[in-house]
Amino acid sequence: MARITSGVGVSHVPAIGRAIDTGQTQTPYWKPLFDGFEFSRAWEEAEKPDVIFLVYNDHATAFSLDFIPTFAIGCADSFEVADEGFGPRPVPRVEGCPDLAWHIASSVIQQDFDLTVVNKMDVDHGLTVPMSLMFGQPERWPCRVIPFAVNVVLYPVPSGRRCYALGKAIRRAIESFDEDLNVQIWGTGGMSHQLQGPRAGLINQPWDQAFLRDIAVDPLRLAAIPPEEYIREAGSEGIELVMWLIMRGALNEKVEVLHQHYRVPASNTAVGHIILKQA
Ligand code: DHB
Ligand code: FE
């Protein structure tokens, strides 16, 4: 059977992708950030996951304001790297895992979560930056990826409570797939940041640190946080953190924290990262 072996939380700041693509990772500004991912890349090399179920958000790239699904699962054979205005990032295209993706779609929809099935979708920095942080700059990504896009761009957004419950449904789906696969689930985006308006530049380190601590030991506290609190405490884009709750919901109640890292700032954002192993 397929099994979820671990969960990863990781931010997706586009400037991180730019720093990697232009060889700036060892500059004084960027080195402390990238140092925090050295463990993670070595760990991934040893773990050799078959599939990443990658929870991320599209930033009006594949979906415009014309059309935004709350939860969308990528069922295609592959996904091209999006052009977000400066040409596509020089990273490999993403190979999908259609059999497992369709199985998850069927199972999760029968568990009463309405997913949108996506058969063609370009993936933006929300997905490619976490891939680069965890896998470096390979010629091909070392595993297949199921992109799972969550709307955190246009209100109303899903609650943390619903995201956490969805994670549990995704776990049941993955564990009922009849193929021996090592699957990781990633929750991406965050931590605190606001890119717009009078509060642009907002970062809330104590709030982030409490989130990083409790994602491991008290996810139910986090699942009860309403969207308004994310906006007030973590900035308008801090709401991206609800995606970490999908990841956390898919793991055991008890997890082992293998690694964590927090760095302020990267561009306008507090970068957070955690690796949770099933205990
Ligand atoms: C930044 C952060 C994001 O999450 C994003 O999607 C775009 C920009 C930033 O910090 O610049
Ligand atoms: Fe973002």
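Values below: every heavy atom of this structure, side chains too, minus hydrogens, waters and symmetry copies. Remember, predicted model here, so these are calculated numbers, not experimental data. Just so you know, ligand 1 is whichever comes first in the structure, and atom 1 is the first atom listed for that ligand.
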### Cluster link W30 to V264, ILVMFWY, side chain under 4.5 Å
no
### Query
Backbone N or O of A270 within a donor-acceptor pair of the S192 side chain at under 3.5 Å?
no
### Query
Does a sphere of radius 6.0 Å around CD in E175 hold more than 12 heavy atoms from other residues, nucleotides or ligands, not counting ones at 6.0 Å or beyond?
yes
### Task
Please say which of D178, D180, D50 ends up in a salt bridge (Lys or Arg N to Asp or Glu O under 4.0 Å) with R3.
D180
### Message
Can you tell me if Y155 has over 12 outside heavy atoms packed within less than 6.0 Å of its OH?
### Response
yes
### Task
Look at H193 and state whether any of its N, O or S atoms is less than 2.8 Å from the Fe ion (ligand 2).
no
### Query
Does ligand 1 have any atom that is closer than 4.0 Å to a heavy atom of P14?
yes
### Query
Is the Fe ion (ligand 2) less than 2.8 Å from an N/O/S atom of H125, whether that atom is in the backbone or a side chain?
no
### Query
Taking only heavy atoms of H125, which atoms of ligand 1 are found under 4.0 Å from at least one of them?
5 (C), 6 (O), 7 (C)
#### Entry: Check: Y262 and Q205 side chains under 4.5 Å, non-hydrogen atoms
yes
### Query
If you count the atoms of ligand 1 from 1 in the order shown, which ones are under 4.0 Å from a heavy atom of V13?
9 (C), 10 (O)
## Note on the structure
To the Fe ion (ligand 2), the closest N, O or S atom belonging to H59 is NE2
### Query
Do W186 and M134 come within less than 4.5 Å of each other through their side chains, counting heavy atoms only?
yes
### Task
Using modelled atom types only, decide if a donor and an acceptor are shared between the side chain of E84 and the backbone of H125 within a distance under 3.5 Å.
yes
### Message
Quick check on contacts: which atoms of ligand 1 are under 4.0 angstrom from a heavy atom of S267?
### Response
9 (C), 10 (O), 11 (O)
### Query
Is any N, O or S atom of E237 under 2.8 Å away from the Fe ion (ligand 2)?
no
### Message
Quick check on contacts: which atoms of ligand 1 are under 4.0 angstrom from a heavy atom of T269?
### Response
1 (C), 2 (C), 9 (C), 10 (O)
### Task
Would you indicate which of H193, E237, H59 comes nearest to atom 4 (O) of ligand 1 when only heavy atoms are counted?
H193
### Message
Using the Fe ion (ligand 2) as the vertex, how large is the angle between NE2 of H12 and OE2 of E240, rounded to 10 degrees?
### Response
100°
